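To keep things clear, I will list the structure first and then write my remarks on it.
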Amino acid sequence: MRVGVFRGVSSFRRVLLALALLPLLAACENSATAFMVDGKDHALILVREQKVFWSDEVKQALVASRLPKCQKRVTIHPGSTTLVEMRVYEAGERLWALQQGNRWYLASTEVCRVQDWDNAEGRPPGRLVGSFVLKDGASAFVAAPKDGG
């Protein structure tokens, strides 16, 4: 006895139906992009996950990682299906300010914490390090020019 979605459908038609559904599943996003601070063991990572293709919302998280002492994933405000640039600024020793649209976050790999930041002035606290952006259809971290230009 067959049960489920494919009940009464021949094997050939089941394969065709499954193949037809693949592009819908491919529309979902599941990415992790790293700003490598100091080698492979020290990074800030932007994680984006879209569970279902019909949702316009993408869950986002930031991971502060400085192995072996720190690795913490913190959910941040959701994003849209098109990645809105997230700028990363130096804000102190092992401390970064991240700006995505009008939202600001502070991430520390010293105390292993990520939090919202009410940056009332809206000005960056330090030098731009780079940005998480959409590049060639995928999220990527692009470093800022060293000369600031």
Side-chain angles (χ1 to χ4, degrees), residues 4-6 13-149:
V5 176
F6 295 118
R13 288 188 179 170
R14 272 186 264 169
V15 170
L16 284 178
L17 184 57
L19 288 173
L21 292 175
L22 281 177
L24 297 177
L25 296 174
C28 295
E29 180 178 355
N30 189 4
S31 66
T33 307
F35 155 48
M36 306 302 278
V37 177
D38 185 26
K40 65 179 177 58
D41 293 335
H42 193 187
L44 295 178
I45 303 160
L46 174 63
V47 179
R48 292 174 43 87
E49 299 169 326
Q50 181 186 18
K51 300 289 185 192
V52 291
F53 71 90
W54 56 82
S55 175
D56 290 338
E57 186 176 275
V58 176
K59 292 182 180 182
Q60 298 185 122
L62 285 171
V63 179
S65 180
R66 186 175 54 86
L67 300 174
K69 297 183 184 230
C70 167
Q71 186 161 357
K72 186 167 190 172
R73 176 185 168 133
V74 176
T75 300
I76 61 172
H77 297 275
S80 63
T81 53
T82 301
L83 174 61
V84 173
E85 177 182 16
M86 179 180 281
R87 294 183 185 105
V88 181
Y89 299 93
E90 290 180 338
E93 183 68 25
R94 296 185 182 153
L95 179 66
W96 293 269
L98 299 98
Q99 177 191 18
Q100 188 175 44
N102 61 357
R103 295 195 189 278
W104 286 85
Y105 307 97
L106 288 175
S108 169
T109 56
E110 180 64 34
V111 296
C112 208
R113 183 179 303 159
V114 175
Q115 65 186 45
D116 284 331
W117 179 34
D118 181 17
N119 183 359
E121 295 178 8
R123 288 195 312 249
R127 179 182 74 84
L128 177 67
V129 175
S131 299
F132 292 100
V133 296
L134 193 62
K135 183 177 180 182
D136 299 327
S139 49
F141 182 81
V142 176
K146 297 285 185 195
D147 62 7

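No hydrogens, no waters, no symmetry mates; every other heavy atom, side chains included, goes into these values. All figures in this text were calculated on a predicted structure; none of them were measured in a lab. Here, residue 1 is the first one in the sequence, and each next residue gets the next number.
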Distance-only criterion, 3.5 Å: show the donor-acceptor pairs between side-chain atoms of residues 123-136 and protein atoms not counting sequence neighbours.
| residue | atom | partner | partner atom | Å |
| --- | --- | --- | --- | --- |
| R123 | NH2 | E121 | OE1 | 2.7 |
| R127 | NH2 | E90 | OE2 | 3.1 |
| S131 | OG | E85 | OE2 | 2.8 |

In Å and rounded to the nearest 0.5 Å, what is the [atom1] to [atom2] distance from [X] to [Y]?
| X | Y | atom1 | atom2 | value |
| --- | --- | --- | --- | --- |
| L83 | Q60 | CG | CD | 7.0 Å |
| R103 | W117 | CZ | CH2 | 15.5 Å |
| L67 | T109 | CG | OG1 | 10.5 Å |
| Q71 | I45 | CD | CD1 | 6.5 Å |
| S65 | D41 | OG | CG | 7.5 Å |

For [X] versus [Y], what's the shortest heavy-atom pair and its separation?
| X | Y | result |
| --- | --- | --- |
| M36 | G39 | CE-O, 3.4 Å |
| G79 | R48 | CA-NH1, 4.3 Å |
| L44 | A64 | CD2-CA, 4.1 Å |

Under a 4.5 Å cut-off applied to non-hydrogen side-chain atoms, are [X] and [Y] in contact?
| X | Y | value |
| --- | --- | --- |
| Q50 | T81 | yes |
| V74 | Q115 | no |
| V37 | R66 | no |
| Q100 | H77 | no |

- Could you check D116, V47, L98, L62 and say which one makes a side-chain contact (heavy atoms from CB on, under 4.5 Å) with I76? L62

